[in-house]
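For reference, the structure discussed in these notes is given below.
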Amino acid sequence: ALFTNSSAIRTVLLCSGKIYYELLERQERDKREDVALVRIEQLYPLRLDLLGEALALYPAAADYCWVQEEPANMGAWSFIRWQIAGLIGREPRFVGRREDASPAVGSHRVHKQEQEKLLNEAFAP
């Protein structure tokens, strides 16, 4: 979501896929107008020109984070981290599951707990 007062943004959460909807729900529930969400619809070829335009709307000092459900050694993190770093001048913070051999925990209860932890970390001050 783009806010008219982008100078109030302290955190920029970048993501791709369905995690966006969970982040949006949490942002609206908590009325977090200091957090911007940037959903990347197309990872390849990545439109760095469009992503750069979107990120230019926010303060350079904001906390830029890549959020994904997948473990750190899976998903888009290994590709996107350097692309974002090139645009903002530093590596973004990673918010997601720790590295793992499996993309899923195999337990709905544990998955929900991990997902809640992930969302809490993304919106931590």
Side-chain angles (χ1 to χ4, degrees):
L2 299 177
F3 296 101
T4 54
N5 185 10
S6 63
S7 63
I9 299 298
R10 292 188 336 208
T11 303
V12 179
L13 301 177
L14 297 102
C15 65
S16 182
K18 72 180 188 71
I19 190 68
Y20 169 81
Y21 297 103
E22 292 180 56
L23 293 168
L24 180 61
E25 183 179 310
R26 174 66 66 94
Q27 179 192 41
E28 290 174 347
R29 185 194 80 188
D30 294 351
K31 296 176 178 47
R32 292 293 302 271
E33 294 187 8
D34 62 325
V35 176
L37 302 180
V38 176
R39 181 177 182 196
I40 300 174
E41 296 284 339
Q42 177 178 304
L43 290 167
Y44 187 84
L46 183 62
R47 293 286 310 269
L48 285 173
D49 56 333
L50 297 177
L51 183 55
E53 287 177 22
L55 298 183
L57 297 172
Y58 306 111
D63 181 23
Y64 286 82
C65 307
W66 175 257
V67 182
Q68 71 178 33
E69 292 184 274
E70 298 87 1
N73 59 322
M74 299 177 197
W77 173 239
S78 61
F79 166 73
I80 200 75
R81 69 195 291 182
W82 307 116
Q83 308 298 323
I84 296 169
L87 293 172
I88 65 171
R90 64 187 185 281
E91 189 174 333
R93 183 167 58 94
F94 175 76
V95 176
R97 289 171 170 76
R98 62 176 168 67
E99 290 187 358
D100 203 333
S102 172
V105 294
S107 163
H108 182 66
R109 181 184 58 77
V110 173
H111 172 77
K112 286 182 71 168
Q113 290 172 341
E114 287 185 352
Q115 201 72 353
E116 185 64 23
K117 181 180 175 193
L118 185 149
L119 292 171
N120 289 341
E121 183 180 343
F123 285 93

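When reading the values below, keep in mind they use all heavy atoms of this one structure, side chains included, and skip hydrogens, waters and symmetry mates. Values in this document were obtained by computation on a predicted structure and should not be read as measured data. All residue numbers refer to positions in the sequence shown, counting from 1.
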With rounding to the nearest 0.5 Å, note down the distance linking CG in L51 to CD in Q42.
12.0 Å

Less than 4.0 angstrom from a charged side-chain N to a carboxylate O is my criterion; do D34 and R32 meet it?
yes

Joint cluster assignment, L48 & V38, ILVMFWY side-chain distance < 4.5 Å:
yes

Residue from L14, L37, L118 passing side-chain contact (heavy atoms from CB on, under 4.5 Å) with V67
L118

From W82 CH2 over to E91 CD, what is the distance, rounded to the nearest 0.5 angstrom?
4.5 Å

Distance, nearest 0.5 Å, that separates CG of D63 from CD1 of I9:
12.0 Å

Can you find a heavy atom in the side chain of E70 that is under 4.5 Å from one in the side chain of R97?
no

Mind checking whether E41 and Y20 have side chains closer than 4.5 Å, heavy atoms only?
no

Does a sphere of radius 6.0 Å around CZ in R10 hold more than 12 heavy atoms from other residues, nucleotides or ligands, not counting ones at 6.0 Å or beyond?
no

Just so I know, are the side chains of E22 and E116 near enough to count as touching, which here means a heavy-atom distance under 4.5 Å?
no

Hey, does the side chain of T11 reach the backbone of V35 with a donor-acceptor pair shorter than 3.5 angstrom?
no

Side-chain heavy atoms of L23 within contact of Q27, under 4.5 Å:
no

Once you round to the nearest 0.5 Å, how far does CG of D30 lie from CD of E25?
10.0 Å

Hydrophobic clustering (ILVMFWY, side-chain heavy atoms < 4.5 Å, transitive) - are Y64 and L43 grouped together?
yes

State, with a plain yes or no, whether a side-chain heavy atom of C65 is found less than 4.5 Å away from one of F123.
no

Starting at CH2 of W66, measure out to CG of L13 and round the result to the nearest 0.5 Å.
11.0 Å

Does a side-chain heavy-atom distance below 4.5 Å link L46 with F79?
yes

Test your reading of the model: is there a side-chain donor-acceptor pair from Q68 to the backbone of F94, 3.5 Å cut-off?
no

Working to the nearest 0.5 Å, report the span between CZ of R26 and CG of N120.
5.0 Å

